[in-house]
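Take a look at the structure set out below.
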Amino acid sequence: MKKSDVIEFYARLAADNPHPETELKAGNPFQLVVAVALSAQATDIGVNKATRALFEEVKTPEQMVALGEAGLKQHIKTIGLFNTKAKNVIALSEKLIADFGGEVPADRDALETLPGVGRKTANVVMNVAFGAETFAVDTHIFRVGNRTGLARGKTPLAVELKLDKATPAPFRLHAHHWLILHGRYVCKARKPECWRCIVADLCAYKPKTPAPPSRANAA
DNA sequence: CTCCCGATAT
DNA sequence: ATATCAGGAG
């Protein structure tokens, strides 16, 4: 995508949503790490539903360890991959206590040493909890980047590095939320709603659905 | 590369 | 019935 189009692309998303935020609910950095770790291959809505009760009683790594793996499973059994997630979250909590004084480190490499935390989760935490200009490439951003031509790559890391190069200063902090929200609600995986997309004219995606789903023939 | 895995939309 | 959902680890 041309540099001028990239600027226009972001400018429109920014005008449409000046203050984009995470839809994952968390009261502190620890809860954020847990919520994002739980969100792999699951919807934000599903994660929030499970963490509502969980986060009322668990606000620290110590409380998570006290709850235990079996107790945690009871809270998150409605989320996919819950067995490995429960194990990871307990282990992650223990490691925060043992190696980081019970605090969430404001460092991507340190975050990535936590069980169940990879580059994408670490990037989310750095951006949301610590205000870092990171580009957390999840399934939505990977799709939007490749589809639109904004940032193409065969792997999430490749797309992340391209976004880092292509994204101008004024948009770097919120780029990841603009892109994820656009992917979630407009540039959907199955049925992208191009007819109401505000950046459709800048997009490389060809099989655009030209019009909204056919309402029954109008009178 | 495979496995992990429930809820929801299509 | 199947694709998809804020991925990560072996």
A/Lys49 NZ to B/dT8 C1', in whole Å, measures 9 Å
Phosphate contact (B/dA9 OP1 or OP2) by A/Arg190 side-chain N/O below 4.0 Å: no
Heavy atoms under 4.0 Å, any strand shown: does A/Thr22 hit a base, just sugar-phosphate, or nothing? base
Rounded distance in Å between the P positions of B/dC5 and C/dG10: 15 Å
So which nucleotide from C/dG8, B/dC4, B/dA7 ends up closest to the side chain of A/Thr121? C/dG8
Within the structure shown, what part of the strands sits under 4.0 Å from A/Leu114 by heavy-atom distance: base, sugar-phosphate, or nothing? sugar-phosphate
Give the rounded distance in Å between these two atoms: CG of A/Leu92 and P of C/dG7. 17 Å
Nearest heavy-atom approach of A/Gln41 to A/Leu81 is CB-CD1, 4.1 Å
With a non-hydrogen cut-off below 4.0 angstrom, is A/Ile79 in contact with a base, only sugar-phosphate, or nothing? sugar-phosphate
Report the distance from atom CG of A/Leu81 to atom P of C/dG10, rounded to the nearest whole Å. 15 Å
Mind telling me whether A/Tyr10 and A/Trp178 have parallel, tilted or perpendicular rings, with 30° and 60° as the class edges? tilted
Does the side chain of A/Arg12 come within less than 4.5 Å of A/Leu202's, by heavy atoms? yes
Closer to the 5' end of DNA chain C via nearest nucleotide, is it A/Glu112 or A/His177? A/His177
In whole angstrom, what separates A/Asn48's CG from B/dT8's C1'? 15 Å
Whole-angstrom distance between B/dT2 and C/dA3, as gauged at atom P: 15 Å
Residue A/Thr78, side-chain heavy atoms: nucleotide from B/dA7, B/dC5, C/dA6 that is nearest: B/dA7
Between P on B/dT8 and CZ on A/Arg184, what's the gap in Å once rounded to a whole number? 16 Å
Base, sugar-phosphate, or nothing for A/Asn83, non-hydrogen atoms under 4.0 angstrom? sugar-phosphate
Touch check for A/Val117, heavy atoms < 4.0 angstrom, all strands: base, sugar-phosphate only, or nothing? sugar-phosphate
Considering every strand and a 4.0 Å limit on heavy-atom distances, what is the contact class for A/Thr84: base, sugar-phosphate, or nothing? nothing
Return the value, rounded to whole Å, for the distance between atom CG of A/Leu157 and atom P of C/dA6. 21 Å
Side chain to side chain contact (heavy atoms under 4.5 Å, CB included), that's the test. Do A/Met64 and A/Phe30 meet it? Break it down for me. CA-CA 10 Å; A/Met64 187 66 79; A/Phe30 171 65; 3.9 Å; yes
Rounding to an integer number of angstrom, what distance separates C/dA6 and B/dC1 when you compare their P atoms? 23 Å
First of A/Ala122 and A/Gly183 reached from the 5' end of DNA chain C, by closest nucleotide: A/Gly183
NA contact type, A/Gly46, heavy-atom cut-off 4.0 Å: base, sugar-phosphate, or nothing? nothing
Rounded to the nearest angstrom, tell me the gap between atom NZ in A/Lys120 and atom P in C/dC5. 12 Å
Charged N to carboxylate O under 4.0 angstrom, A/Arg119 versus A/Asp109? no
Pick base, sugar-phosphate or nothing for A/Ala42, based on heavy-atom distances below 4.0 Å to the nucleic acid. base
Answer with base, sugar-phosphate or nothing: what part of the nucleic acid does A/Lys85 contact at a heavy-atom distance below 4.0 Å? nothing
Rounded interatomic separation in angstrom, taking CG from A/Leu111 and P from C/dG7: 17 Å
Pair A/Glu56 + A/Arg52, salt bridge at N-O below 4.0 Å: no
May I ask you to say what A/Ile141 touches in the nucleic acid, namely base, sugar-phosphate or nothing, with a heavy-atom cut-off under 4.0 Å? nothing
